[in-house]
Amino acid sequence: MGVAEGLGGDECPDLCEFLAVSAWLTGFPTEELRATGLAEEYMPVVRKHLRPVEYEQLTRVRSRGGSPQRLLGSEALTAARAITALWYTGSWPGPPSYVVSRRAYAGGLVWRAAGGPAPGTAPGGFGSWAEPPTAPEQTR
């Protein structure tokens, strides 16, 4: 099965490829992205908004060992930025832009990178704002 066809299927190899491309773009390990439980929610969003040729170009550059910087000047650059934004913010950047779900907002990688929970998603208790945030488990 080719990459373009893979974008339309629901089999594990397609999810694994999506996770590999996402890890390559975000800098987070595949296992950590899988552990969020959001890949299954994000993959249909990507299918809906990206043309298969854009996704195929991303997978081709990644599989050849290229860095995401190789996408500069290509038509897949917008697709790469959109997938990266989706993982970091839980939002599709548009058009039209929208938050995928409450769970996606709370699970955005931006909060892991910042070392704290998404605003409004975890009770901190009275005066918690006065305490410094805890250090992230792993520095990127």
Query raised in the report: Rounded to the nearest 0.5 Å, how far apart are CZ of F18 and OH of Y55?
Result: 6.5 Å
Query raised in the report: What are the two closest heavy atoms between T30 and A20, and how far apart are they?
Result: OG1-CA, 4.3 Å
Query raised in the report: How many angstroms lie between CG in L109 and OG1 in T89, if you round to the nearest 0.5 Å?
Result: 9.5 Å
Requested in this report: For the residue pair Y98 and H49, categorise the inter-ring angle as parallel (less than 30°), tilted (30 to 60°) or perpendicular (more than 60°).
Outcome: tilted
Report task. Locate the shortest heavy-atom distance separating V46 from L86; write the atom from each residue and the value. Result -> CG2-CD2, 3.8 Å
Query - E56 bridged to R51 by N-O distance under 4.0 Å - result: no
Query - Contact summary for A118 and Y105, nearest pair of heavy atoms - result: CB-CE2, 3.7 Å
Query raised in the report: Can you tell me how far CZ of R70 sits from CZ of R60, rounded to the nearest 0.5 angstrom?
Result: 10.0 Å
Which pairs would a plain distance check flag for residues 33-41, meaning a side-chain donor or acceptor within less than 3.5 Å of a matching protein atom at least two apart in sequence or in another chain?
unit_1 : atom_1 : unit_2 : atom_2 : d
T36    : OG1    : L33    : O      : 2.6
T36    : OG1    : L38    : N      : 3.1
E41    : OE1    : R103   : NH1    : 2.9
E41    : OE2    : S101   : OG     : 2.5

Query - Inter-residue atom distance S67.OG - R62.CZ, 0.5 Å rounding - result: 13.0 Å
Report summary line: When every non-hydrogen atom of A23 is compared with those of P29, the smallest separation belongs to CB-C, 4.2 Å
Query raised in the report: Given side chains that start at C-beta, do those of E31 and L19 come closer than 4.5 Å, heavy atoms only?
Result: no
Query raised in the report: Can you name the side chain to side chain contact (heavy atoms under 4.5 Å, CB included) partners of T84, sequence neighbours left out?
Result: L25, Y88
Query raised in the report: If every non-hydrogen atom of S91 is compared with every non-hydrogen atom of V99, which pair is closest and at what distance?
Result: OG-CG2, 3.5 Å
**Report entry** L71/R81 under side-chain contact (heavy atoms from CB on, under 4.5 Å): CA gap, chis, key distance, verdict
**Finding:** CA-CA 10 Å; L71 299 170; R81 286 179 175 161; over 6 Å; no
Query raised in the report: Would you say the side chain of W111 lies within less than 4.5 Å of the side chain of P119, judging by non-hydrogen atoms?
Result: yes
Report task. Kindly say whether P117 contributes a backbone atom to a donor-acceptor pair with the side chain of T121 at under 3.5 angstrom? Result -> no
Query raised in the report: Can the ring centres of W87 and F28 be said to be less than 6.0 Å apart?
Result: no
Query raised in the report: Has the side chain of S97 got a donor or acceptor atom that lies under 3.5 Å from a matching backbone atom of G94?
Result: no
Query raised in the report: Can you check whether G66's main-chain N or O pairs, donor with acceptor, with W24's side chain at less than 3.5 Å?
Result: yes
Report task. Over all heavy atoms of both residues, which pair between L58 and A76 is shortest? Give the atoms and the distance, please. Result -> CD2-O, 3.8 Å
**Report entry** Distance, nearest 0.5 Å, that separates CE of M43 from CD1 of I83
**Finding:** 11.0 Å
Query - Interatomic spacing from CG in D14 to SG in C16 - rounded to 0.5 Å - result: 9.0 Å
